[in-house]
Amino acid sequence: MSINNKINVEQIKLSVENLDLFYGNNHALKKINIQIPANQITAFIGPSGCGKSSLLKCLNRMNDLISNIKITGQITVDNENIYDRKQDVTQLRRKVGMVFQKPNPFPKSIFDNVAYGIRIAGIKDKEKINNIVENSLKRVGLWKEVENRLQDSAMSLSGGQAQRLCIARTIATHPDVILMDEPTSALDPISTQVIEELILELKESYTVVIVTHNMQQAARISDITSFFYLGELVEVNPTNKIFTTPENKLTEKYITGRFG
Amino acid sequence: MVKTKIYNLIGYTIIGFLCVSTILPIIAMILFIFSKGISRINYEFLFTVSSSMETGGIFAPIYGTIFLTFITMLIAVPIGVMSATYMSEYTKKGKLFYLLELTIVNLAGIPSVVYGLFGLGIFVLLLKIGISILAGALTMGVLILPLIITVSYQSLQAVSENIREASYALGASRLQTVVKVILPTATPGILTGIILATARVAGETAPILFTAAAYYLPSLPSSVFDKTMLLSYHLFAISTQVVGVSDEQKYGVTFVLISVVLILNLLAILIRDKISKKLGVHK
């Protein structure tokens, strides 16, 4: 149980308490309680429609964009309630960045894509912007591939490159947490491997929460795995425990591929 | 196999034939006017202000048409694009929205001469602007607003939800998202609407008949409060109201009118392509 103890003493970055989420009459998330430690990779797994993406989108309030949604309970980031009235959503989203399922670069130049977040945050100093863009692209290993064509449209990048660009774009705003919603499901195996290695590197500086359909992926990269089923959080445990000796029968069935 | 091939062949032949039959009349018309009017085209015809309706140079109507088109766009494009942005990005799709949409569709169906009379009543008489480029441009502006709004709205709606999300996830406000991501992405589509509208303004006759056009003026308009000669109205006048104008002169004017419209279109298409290329999106 040494791993468990180790996790408990880790600093808690994100905490979800008694969260319920309704789309109209559909009760999509039921009394969710989960704590996400800093500088770890936490994976959300479960079959389609289990609510894992919905929960992820609560963590930076992207669900605010959906009408007819009702959320009760509490989510804290660094002990601050993000659903508090005083919470500035744009500030929150800078602190809790997000990478999406399909690479979604803006139809702008590669440079402008990465610079977008800091520019809208009000940074005008050209040298500072140049530095941040360069560092962010280096961090995701894209710099060498694009340094001579920063002014080309980002639409000219391959799928894997575009997804790394989207990660660089998120990093550029200096978030604490990076949420990833199935970031490799639209990519080929080689690009997937590159992104997975990148995610492992990122956890030194960021807290990563990743939703994945791919159980092997969760096993390969995450420290903690949480299994969702029909809107409920069934089990949270260190990844090596959940994939070897899961506590819950349902988790075991899912992991061994008997449903899902 | 053979049967499929024969069906394909027949299908392609029919489509090809129909395709040619849509292009052919346009080409024929342009070639006809070109061949009849080209002999009249020279420097004096294009760039001198006429001393007589029958034979003189037509710089005044050319200048007037370009001037009026420019002022019309200056008025209608910002209003049209902002209306479309409001409809696409800000309103909820409720009753008010559908009423708005219905109004715009209906406006697009009103005959242009009605717009002319409306412009005369509102801009020329009620607001006392008088018959002038400004009154004509305002009238034309109202005429092309539905076109600009509809096309702009559609291109804004075509902007992928993915990149809106990307912008919000980076901490952008709604206004920042609209101004910095959505509008630039929709620009090629919006420009298509503006291209269509430009051609329409340069060629329309009825709306400017009572609001801006002068039958004959010996000088160029110096401000938006002056009347002006216009190519479309000039052609109408020399074809129906002036006796003794040679056919060559008429075809010459027609040729210039078509050329102005085509050149304005071409310019706008070139600008659009340049922007599309910069954005890396294909039209």
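FYI, side chains are in, hydrogens and waters are out, and symmetry mates aren't considered; it's all heavy atoms of this structure. Quick note on labels: first sequence line is chain A, next is B, and so on, each numbered from 1.
- Summarising the geometry of A169(B) relative to M98(A), their closest heavy-atom pair is CB-CB, 4.0 Å, with the distance given to 0.1 Å.
- We find the OG-NZ distance between S153(A) and K277(B) to be 12.0 Å, quoted to the nearest 0.5 Å.
- Proximity to chain B (any heavy atom under 4.5 Å) is restricted, for P105(A), to the backbone atoms N, CA, C and O.
- If you tally non-hydrogen atom pairs under 4.5 Å between each of R174(B), K180(B), E165(B) and chain A, the highest count goes to E165(B).
- The nearest pair of heavy atoms linking A166(B) to R169(A) is CB-NH2, 3.3 Å.
- Between P107(A) and the options T185(B), T187(B), V159(B), a side-chain contact (heavy atoms from CB on, under 4.5 Å) holds for only T185(B).
- Heavy-atom distances place no part of S156(A) under 4.5 Å from chain B, backbone and side chain included.
- Contact annotation for L65(A): only side-chain heavy atoms (C-beta onward) come within less than 4.5 Å of a heavy atom of chain B.
- Atom CG of N25(A) has 12 or fewer neighbouring heavy atoms from other residues, nucleotides or ligands inside a 6.0 Å radius.
- The parts of S167(B) that come within reach of chain A are both its backbone and its side chain, each placing non-hydrogen atoms under 4.5 angstrom from that chain.
- Residue Q176(B) holds its CD atom at 6.5 Å from OH of Y116(A), rounded to the nearest 0.5 Å.
- Atom CZ of F97(B) is surrounded by more than 12 heavy atoms from other residues, nucleotides or ligands within 6.0 Å.
- For the side-chain contact (heavy atoms from CB on, under 4.5 Å) test, residues two or more places apart in sequence or in another chain that qualify with I10(B) are I6(B), I14(B).
- For R93(A) (side chain) and L170(B) (main-chain N/O), no donor-acceptor pair under 3.5 Å exists by modelled atom type.
- Heavy-atom distances place the side chain of K102(A), and not its backbone, under 4.5 Å from chain B.
- Judged by distance alone, with hydrogens and angles left aside, the side-chain atoms of N104(A) form no donor-acceptor pair with the main-chain N or O of I163(B) at under 3.5 Å.
- For Y90(B), the OH atom sits in a packed shell: over 12 heavy atoms of surrounding residues, nucleotides or ligands are nearer than 6.0 Å.
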